[in-house]
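Just so we're on the same page: letters track the sequence lines, and every chain starts at 1.
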Amino acid sequence: MMIKGIKGVKDLLPEESPRWRFIEDKARHWATTFGFQEIRVPIFEVTTLFARSIGASTDIVEKEMYTFQDRDGTSLTLRPEGTAGTVRAYIEHNRAADPLPQKYFYFGPMFRHERPQAGRLRQFHQFGVESFGMADPRADVETIALLWQLLSDLTLPALTLEINNLGYTSDREAYRPTLVAYLRPLMEKLCVNCQRRIDTNPLRVLDCKVPDCKATTEAAPKLAESMSDKARTYFDAVLKGLDTLGILYHLNHRLVRGLDYYCLTTFEVTTTNLGAQNAVGAGGRYDGLVETLGGSPTPAVGFAVGIERISMMLPESQTPPPAGATTVYVAAFGDQGAPVGLTVLHDLRRAGVRAVVDFRSNTLKAHLRQADRLKCRYTLMIGDDEVTKGLALLRNMDTKGQSDIPLSAVVASIKPLILPS
RNA sequence: GUGGGUGUAGCUCAGUUGGUUAGAGCGCCGGAUUGUGGAUCCGGAGGUCGCGGGUUCGAAACCCGUCAUCCACCCCA
């Protein structure tokens with residue numbers, strides 16, 4: 001029986017990895033130019049870290065985590081998202097003591113036990129950023145601007161930025177009873193999930209996509225109406241900042257987000273090109289989380305994007321070109337040619353020239369076929385005749401022009417052709 | 001967790017009301033070209049028909065089960 005990969009866990013094959021590399025490079029580039037620094041945290045943590053940060057009543061914690069016991073019985077969990085671990089590291093290493101702005105970005109696999117479908121996997125990859133310590137609307141603007149800059153630079157199609165104000169915890173606590181009072185009498189019109197949510201997380205009812213739920217919550221009292229002046233002012237400043245930078249957005253008062261730790265600004269970038277899973281990236285402010293996890297009160301804001309989803313949307317024109325133009329194929333054959341070719345191959349590589357060969361090919365014809373398939377611009381042919389003459393034959397695969405090169409000068413002759421000075 | 005679609009060659013897929021040795025295109029290897037790629041022609045290799053039962057003289061096809069995969073619900077990146 002063949003051993004196969006785990007359901008919802010995919011291999012990234014060489015044909016596709018350049019696309020990922022391209023996305024990663026762009027993400028790293030923009031994150032660093034926005035002043036964020038890379039952090040690498042473990043992909044598994046103590047289970048309580050996620051339970052405490054994401055929220056015990058969320059789907060992620062209730063039924064989607066990969067949790068297992070360590071040998072001493074400690075409950076560990078494969079990270080379902082990146083913020084919790086980053087916050088844990090921030091606290092554990094007392095980064096608050098560093099006077100520099102603590103702005104991090106990360107990249108890596110996340111794990112959620114969900115039913116796979118288009119754009120949804122059990123192991124998926126995120127690029128995310130977290131900006132600690134600044135309770136300033138400009139920090140929100142900066143974070144959203146980075147997200148938007150990255151996605152725009154990748155020329156992803158049909159993007160929409162949706163944004164909402166969740167207010168402070170106290171605002172939501174004040175709003176909650178009025179919302180519950182409104183929903184309770186209408187309970188029968190809501191889906192089963194939402195009936196449960198009235199007690200566990202009533203705000204989530206507003207974000208339900210079931211048409212009946214949407215209809216019944218249409219006339220519900222809005223969070224914005226019971227928002228404190230402080231929260232209102234803050235959010236206005238965020239919007240004003242986005243206006244200033246020319247970043248377009250849609251206000252969406254239903255946008256609640258699935259994770260419990262968000263407050264004030266929440267946002268989500270969606271597209272129409274991804275099937276049912278239409279979120280490319282999302283984030284928000286989470287001022288209470290650091291304290292919840294045992295740190296001192298620290299405001300923070302961040303986002304994460306799904307690499308698979310970006311890759312699905314990445315236009316073909318954005319895929320980096322193959323490296324054939326700067327690759328030499330060394331076609332060495334025959335009893336004397338083959339060993340000489342091995343040396344030449346190594347010399348070229350040591351000189352920084354990308355050089356390849358297919359050792360399975362024994363004839364010149366087979367070598368040239370491989371050189372063609374690899375789209376190499378140059379093929380260096382070395383047979384027994386060339387060896388006795390102390391030469392190699394360099395063929396330009398595009399022009400079919402050929403010229404003799406002394407074996408002793410192969411590297412010197414080829415290097416300027418391949419590597420731009 | 002629920003629902004639907006699909007499983008036949010490396011890939012994309014045909015395969016008639018059940019009938020003998022399971023096909024095509026592309027790809028791959030070789031030859032035409034004794035040392036020159038792509039195009040053309042010729043030849044060749046490659047298959048537990050997802051798996052396990054059942055019905056039948058006979059199953060890739062029909063029935064049951066199972067697994068995988070895709071899509072959707074849900075949820076989210």
Practice task
Quick one: list whatever passes side chain to side chain contact (heavy atoms under 4.5 Å, CB included) with A276(A), sequence neighbours left out.
Solution key: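 So A276(A) forms a side chain to side chain contact (heavy atoms under 4.5 Å, CB included) with Q117(A).
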Practice task
Could you tell me whether the side-chain ring of F333(A) sits stacked on the base of G35(B), using a centroid cut-off under 5.5 Å and a plane angle under 30°?
Solution key: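 No.
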If you take any heavy atom closer than 4.0 Å to RNA chain B, which residues from [range] end up in contact?
range	answer
residues 280-287 of chain A	V280(A), G281(A), A282(A)
residues 394-407 of chain A	R395(A), M397(A), K400(A), Q402(A)
residues 141-165 of chain A	none
residues 31-39 of chain A	none
residues 334-345 of chain A	none

Exercise for the section: Measure distances between side-chain N and O atoms of Q117(A) and base N and O atoms of C74(B), and say whether any donor-acceptor pair falls under 3.5 Å. Expected result: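 For Q117(A), whose side chain was compared with the base of C74(B), there is a donor-acceptor pair (under 3.5 Å).
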Problem - Polar pair under 3.5 Å, donor/acceptor by atom type, side chain R369(A), base C29(B) - result: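 When only heavy-atom distances are counted, R369(A) does not reach the base of C29(B) through any donor-acceptor pair under 3.5 Å.
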[atom1] spacing across the pair [N] / [M], given as an integer number of angstrom:
N	M	atom1	result
C51(B)	G7(B)	C1'	11 Å
C42(B)	U36(B)	P	23 Å
C29(B)	G10(B)	P	15 Å
G31(B)	G38(B)	P	12 Å
U48(B)	C63(B)	P	25 Å
A22(B)	G54(B)	P	23 Å

Practice task
Evaluate the side chain to side chain donor-acceptor pair (under 3.5 Å) criterion for residues T265(A) and D140(A): first the C-alpha distance (whole Å), next the side-chain angles of each, then the deciding distance (0.1 Å), finally the verdict.
Solution key: CA-CA 7 Å; T265(A) 317; D140(A) 304 53; 2.8 Å; yes
Handout entry: Exercise: identify the closest heavy-atom pair between A355(A) and V330(A)
Key =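 Smallest heavy-atom distance, with atoms named: CB-CG2, 4.5 Å.
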N/O contacts under 3.5 Å, protein versus nucleotides 40-42 of chain B?
none

Base, sugar-phosphate, or nothing for [X], non-hydrogen atoms under 4.0 angstrom?
X	result
A371(A)	nothing
M381(A)	base
L121(A)	base

Practice task
Can you tell me the distance, in whole Å, between the CZ atom of F303(A) and the C1' atom of C76(B)?
Solution key: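 That distance rounds to 17 Å.
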Problem - Distance in angstrom units between D358(A) CG and G37(B) P, rounded - result: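 Checked: the CG to P distance equals 16 Å.
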Examine [N]: is either OP1 or OP2 under 4.0 Å from a nitrogen or oxygen in the side chain of [X]? Give yes or no.
X	N	result
K10(A)	C70(B)	yes
K365(A)	G37(B)	yes
R373(A)	C29(B)	yes

Practice task
Apply the test salt bridge (charged side-chain N to carboxylate O under 4.0 Å, His left out) to residues D347(A) and R350(A): give CA-CA distance (whole Å), side-chain angles for both, the deciding distance (0.1 Å), then the verdict.
Solution key: CA-CA 5 Å; D347(A) 288 346; R350(A) 284 195 301 172; 3.1 Å; yes
Has [X] got a side-chain atom pairing as donor or acceptor with [Y]'s backbone, closer than 3.5 angstrom?
X	Y	answer
T47(A)	L76(A)	yes
D384(A)	Q336(A)	yes
R122(A)	E114(A)	yes
R309(A)	A279(A)	yes
T74(A)	D70(A)	no

Identify whether the distance between the nearest side-chain nitrogen and carboxylate oxygen of [X] and [Y] falls below 4.0 Å.
X	Y	result
E38(A)	R40(A)	yes
R88(A)	E45(A)	yes
E24(A)	R28(A)	yes

Return a table of donor-acceptor pairs under 3.5 angstrom between the side chains of residues 61-68 of chain A and protein atoms on other chains or two or more places apart.
| unit_1 | atom_1 | unit_2 | atom_2 | d |
| --- | --- | --- | --- | --- |
| Y66(A) | OH | H113(A) | ND1 | 3.4 |
| T67(A) | OG1 | T77(A) | OG1 | 2.8 |

Problem - G5(A) or I307(A), whichever maps to the more 5' nucleotide of RNA chain B - result: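 It is G5(A), whose closest nucleotide lies nearer the 5' terminus.
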Problem - Most 5' of N278(A) and E386(A) on RNA chain B, judged by nearest nucleotide - result: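 On the 5' side of the pair lies E386(A).
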Practice task
Look at atom CG of L13(A) and say whether more than 12 heavy atoms of other residues, nucleotides or ligands are closer to it than 6.0 Å.
Solution key: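 Buried by this count: over 12 neighbours within 6.0 Å.
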Exercise for the section: Please determine, by modelled atom types, if Y104(A) and Q102(A) share a side-chain donor-acceptor pair under 3.5 angstrom. Expected result: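 Per modelled atom types, Y104(A) and Q102(A) side chains form a pair under 3.5 Å.
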Exercise for the section: Go through the steps for R285(A) and Y234(A) under the test side chain to side chain donor-acceptor pair (under 3.5 Å), then give the verdict. Expected result: CA-CA 12 Å; R285(A) 181 160 278 281; Y234(A) 188 96; 2.9 Å; yes
Problem - Given E218(A), E268(A), E162(A), the one that forms salt bridge (charged side-chain N to carboxylate O under 4.0 Å, His left out) with R254(A) - result: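 So, applying the salt bridge (charged side-chain N to carboxylate O under 4.0 Å, His left out) to R254(A) and each of E218(A), E268(A), E162(A), only E218(A) qualifies.
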Practice task
Using the test ring pair (Phe, Tyr, Trp, His ring centres under 6.0 Å), find all partners of Y90(A) that sit at least two apart in sequence or belong to another chain.
Solution key: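 Once residues adjacent in sequence are excluded, the partners of Y90(A) under the ring pair (Phe, Tyr, Trp, His ring centres under 6.0 Å) criterion are F132(A).
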Exercise for the section: Apply salt bridge (charged side-chain N to carboxylate O under 4.0 Å, His left out) to the pair D358(A) and R373(A), showing each step before the final yes or no. Expected result: CA-CA 11 Å; D358(A) 179 359; R373(A) 277 202 267 253; over 6 Å; no
Completion exercise
Symbol by symbol from the 5' end, with Watson-Crick or G-U pairs under 3.5 Å, [ ] crossing and | another strand, RNA chain B is (((((((..((((.....[...)))).(((((.......))))).....(((((..]....))))))))))))....
Problem - Nearest-0.5 Å distance, CZ of residue R120(A) to CD of residue E308(A) - result: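 Rounded to the nearest 0.5 Å, the CZ-CD separation comes out at 13.5 Å.
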Practice task
Could you check whether the rings of Y262(A) and Y286(A) sit parallel, tilted or perpendicular, using 30° and 60° as the cut-offs?
Solution key: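 The arrangement is perpendicular - the two ring planes meet at more than 60°.
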Exercise for the section: Check the angle between the aromatic planes of W20(A) and H125(A) and answer parallel, tilted or perpendicular using the 30° and 60° thresholds. Expected result: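 Rings of W20(A) and H125(A): perpendicular, as their planes differ by over 60°.
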Problem - Side-chain touch I23(A)/L314(A), heavy atoms, less than 4.5 angstrom - result: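 Yes, at least one pair of side-chain atoms sits under 4.5 Å.
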Exercise for the section: Output every pair passing side chain to side chain donor-acceptor pair (under 3.5 Å) with a member in residues 6-15 of chain A, not counting sequence neighbours, ordered by first then second residue. Expected result: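 Sorted result for residues 6-15 of chain A: empty, none.
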Exercise for the section: Test T83(A) against E130(A) for side chain to side chain donor-acceptor pair (under 3.5 Å), laying out the working first. Expected result: CA-CA 7 Å; T83(A) 299; E130(A) 317 290 354; 2.8 Å; yes
Listed pairs, N/O of protein and of nucleotides 1-6 of chain B, under 3.5 Å:
| unit_1 | atom_1 | unit_2 | atom_2 | d |
| --- | --- | --- | --- | --- |
| U2(B) | O4 | R115(A) | NH1 | 2.3 |

